[in-house]
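Chain identifiers are assigned alphabetically (A, B, ...) following the order of the sequence lines, protein sequences preceding nucleic acid strands; residue numbering begins at 1 within each chain. Treat the numbers as computed from the prediction; the structure is a model and nothing was measured.
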There are 2 protein chains.
Amino acid sequence: MTTIKDIARIAGVSVATVSRVINESGYVNTDTRKKVEEAIKLMNYSPNEVARSLYKKKSKLIGLLLPDITNPFFPQLARGVEDRLQEHGYRLIFGNSDENEDKELDYIRTFVQNNVIGVISSTNFPDSDTYLNLNIPIVFLDRTSNESPSVYADGREGGRIAAQEIIARGSKHITILQGPAHIKPAQDRFQGAVEVFEELGMTYHVIQTSSFSYIEAGYWAKILFEQHLETDGVIASNDIVATAVLQEAHRLGKSVPQDVQIIGYDDIPLSSLLSPSLSTIRQPAYDMGREAGGLLIKLIEQDKVDEKIIQLPVSFVERETTRRK
Amino acid sequence: MTTIKDIARIAGVSVATVSRVINESGYVNTDTRKKVEEAIKLMNYSPNEVARSLYKKKSKLIGLLLPDITNPFFPQLARGVEDRLQEHGYRLIFGNSDENEDKELDYIRTFVQNNVIGVISSTNFPDSDTYLNLNIPIVFLDRTSNESPSVYADGREGGRIAAQEIIARGSKHITILQGPAHIKPAQDRFQGAVEVFEELGMTYHVIQTSSFSYIEAGYWAKILFEQHLETDGVIASNDIVATAVLQEAHRLGKSVPQDVQIIGYDDIPLSSLLSPSLSTIRQPAYDMGREAGGLLIKLIEQDKVDEKIIQLPVSFVERETTRRK
DNA sequence: TCTCCATGTGTAACCGGTTACATTCGTTAC
DNA sequence: GTAACGAATGTAACCGGTTACACATGGAGA
């Protein structure tokens with residue numbers, strides 16, 4: 001591998017001068033600069049980031065921790081983060097936590113060991129020591145914690161909207177699928193929906209689900225209609241579960257949205273391709289990722305950041321699993 | 001941050017001894033080891049990987065380059081890779097290439113700058129200088145190139161199976177959706193299907209699509225039925241497009257699979273949740289990722305590796321968008 | 001003429017680890 | 001008695017950059 005010494009030798013200067021050229025710092029004579037640049041081009045040299053990082057105690061790497069990239073909501077977050085950071089020359093070290101605190105801790109440790117300059121995390125444990133003791137900027141994504149920098153969409157409001165819309169469209173026997181208990185945003189949206197029913201004094205049913213996995217989604221859908229066959233409106237905990245409910249409704253000969261209305265959550269890309277296409281509460285996942293990236297960059301590059309907590313709007317996307325008002 | 005010097009001071013030994021304890025190398029007296037270990041625990045010390053990496057010219061990082069994590073086929077690959085590597089203490093630097101050679105080059109460069117010890121890449125340009133000149137192990141994933149280490153599923157065979165199955169199930173007017181021209185695996189599966197038709201002397205139609213994006217998928221589905229309304233069998237280039245075709249068929253009042261049979265490709269998780277659920281050619285994406293990770297580890301840790309090219313089987317997953325034989 | 005400062009460049013310390021080599025001590029073998 | 005070797009430990013060079021500091025030069029201002 002070509003090193004700065006090689007370049008220095010070829011250009012007939014010292015390593016300090018080469019470094020100055022690379023970093024555009026300090027004084028360098030125009031002719032000298034030219035010689036160095038030629039040597040760099042000749043050898044196709046690019047500086048070793050590891051050496052840089054060691055001295056500066058800062059790399060160009062950022063740690064990204066997501067629960068599970070296999071859940072189609074998260075790739076969009078990841079993509080948003082990456083696109084934003086890439087524009088500023090930062091790169092990602094990536095890990096899936098599986099909502100598991102130990103795995104998270106392990107990843108965070110290796111992030112730190114690799115001198116990452118910041119972390120973006122969708123964690124269920126934002127208040128753990130791991131994060132409190134972290135002395136690099138951290139942004140919570142799709143999660144919040146007190147005054148910590150975070151980017152998220154208003155889950156409670158999303159839940160409220162889902163309930164309001166499905167009620168306004170005439171469902172009387174509504175079942176809410178409550179997402180996994182340990183996942184904060186899932187509980188927020190559930191609470192939001194429940195609130196609306198309580199406020200209106202309406203009854204509703206709840207099916208508690210314990211994971212967001214594809215395999216189990218079908219199971220919950222079955223349970224739902226087994227326990228509450230009269231259900232004519234379903235507020236699903238996310239679009240995957242909603243898709244499973246849609247399938248189960250078909251299987252039972254119920255037509256959607258005439259017999260049963262369904263509202264999903266997230267607006268994953270496939271929602272619009274289902275038949276009937278899925279009405280859902282949209283979270284602007286890609287933008288959330290971008291915002292998180294942007295916020296982290298600010299935290300890294302600036303002393304003061306005013307808006308450390310960014311809440312993005314959720315919205316009802318009316319498609320074909322709900323009736324017209 | 002705590003450094004090895006701090007530990008040495010606290011334990012009353014030299015840095016060399018601490019290093020020996022950490023790495024379990026050389027001779028260390030049992031009592032000394034105990035003192036050092038206590039100091040490490042006391043300070044919650046973990047060694048700086050950057051410094052290590054600089055001296056050793058090797059990190060614990062591996063570069064992973066995928067076209068677009070937003071396409072649901074790739075998260076599974078990524079997950080497989082990560083899970084496998086994680087077991088061996090390796091971490092991922094991740095990037096999306098968007099099938100763009102410049103972006104790829106840029107990522108590969110920063111991988112190298114960060115002393116990654118290996119690269120896994122789904123590239124359309126395996127024979128470019130970028131990869132030829134790379135002097136660290138590289139595994140091509142979902143792609144092949146000559147004798148280079150690679151893990152993939154047999155696209156041609158997948159295409160053949162799709163054609164055979166849909167023909168065997170009675171479709172007469174079959175339209176093949178040909179995936180983007182620059183994506184090798186898409187062309188392989190297309191060629192495989194075409195082969196079968198040629199061998200049987202059957203006619204078929206082709207719609208050439210130019211991307212795998214969600215947004216355009218609906219467009220291609222529309223085009224398909226506009227140009228070939230008589231189509232009673234569709235071999236889609238992947239499951240997303242197949243989903244769009246399914247939707248369009250419904251919209252046109254065609255029932256699936258009675259009027260039109262549809263076969264997808266990939267077997268992304270959502271396929272089984274569609275209604276009707278999607279018959280498709282399954283690629284074992286997660287396993288492909290795991291295998292790629294395993295192969296790379298072998299290449300890194302062993303001198304000789306016998307099986308450098310791993311081909312995984314594709315299979316027909318019979319669901320509800322095809323009729324019974 | 002002398003001082004001061006901007007310009008230009010090199011030397012060497014430093015970042016936090018790893019490891020080659022030197023040194024010391026105790027035991028064993030001849 | 002001493003040569004040889006294993007065990008235990010420390011010193012310092014090294015990895016490839018960055019940068020503080022020293023030093024040289026030349027022109028402007030007093």
Across the strands shown, which category fits A:S19 at heavy-atom distances under 4.0 angstrom: base, sugar-phosphate, nothing? base
Write down the distance between CD (A:E49) and C1' (D:dG16), rounded to a whole number of angstrom. 12 Å
Check whether any side-chain nitrogen or oxygen of A:Y45 sits under 4.0 Å from OP1 or OP2 of D:dG17, and answer yes or no. yes
Would you mind checking if B:R109 and B:D106 are paired as a salt bridge, meaning a charged N to carboxylate O distance below 4.0 Å? yes
Result for 5'-nearest mapping on DNA chain C, choosing between B:A51 and B:A16, is B:A51
Over all strands shown, is B:T17 touching base, sugar-phosphate only, or nothing at heavy-atom distances under 4.0 angstrom? sugar-phosphate
Aromatic ring pairing A:Y131/A:F140, orientation class (parallel under 30°, perpendicular over 60°, tilted between): perpendicular
If you only use heavy atoms from C-beta on, which nucleotide in C:dC15, C:dA12, D:dG10 is closest to the side chain of A:V15? C:dA12
Please determine, for the side chain of B:N29, which listed nucleotide (D:dT9, C:dG17, C:dG16) has the closest atom? D:dT9
Minimum heavy-atom distance A:F125-A:N100, with the two atoms named: CE1-C, 4.3 Å
Atom-pair distance (CG on B:N114; C1' on D:dC15), nearest Å: 15 Å
What's the closest nucleotide to the side chain of B:K56 if the choices are C:dT19, D:dT18, C:dC15? C:dT19
N-O pairing of B:E49 and B:R52 below 4.0 Å: yes
Categorize B:T32 for me: base, sugar-phosphate, or nothing, with a 4.0 angstrom heavy-atom threshold over every strand shown. sugar-phosphate
Quick check: any donor-acceptor pair below 3.5 Å linking the side-chain of B:R20 to the base of D:dG10? yes
Between B:K58 and D:dC15, does any side-chain N or O lie under 4.0 Å from OP1 or OP2? no
Could you tell me whether A:V18 contacts a base, only the sugar-phosphate backbone, or nothing, with contacts defined as non-hydrogen atoms closer than 4.0 Å? nothing
Among the candidates C:dC15, C:dG17, D:dC15, find the nucleotide nearest to the side-chain atoms of B:N48. C:dG17
Which of D:dT18, D:dT11, C:dT18 is nearest the side chain of B:S14? It is D:dT11
Consider the side chain of A:Y27, meaning its heavy atoms from C-beta on, and name the nucleotide among D:dT9, C:dT7, C:dG16 that approaches it most closely. C:dT7
Could you tell me whether B:V13 contacts a base, only the sugar-phosphate backbone, or nothing, with contacts defined as non-hydrogen atoms closer than 4.0 Å? sugar-phosphate
For A:V28, answer base if it contacts any base atom (sugar-phosphate contacts may also be present), sugar-phosphate if it contacts only those atoms, and nothing otherwise; contact means non-hydrogen atoms under 4.0 Å. sugar-phosphate
Assign the ring pair A:F111 / A:Y107 to parallel, tilted or perpendicular, where the plane angle (0 to 90°) is split at 30° and 60°. tilted
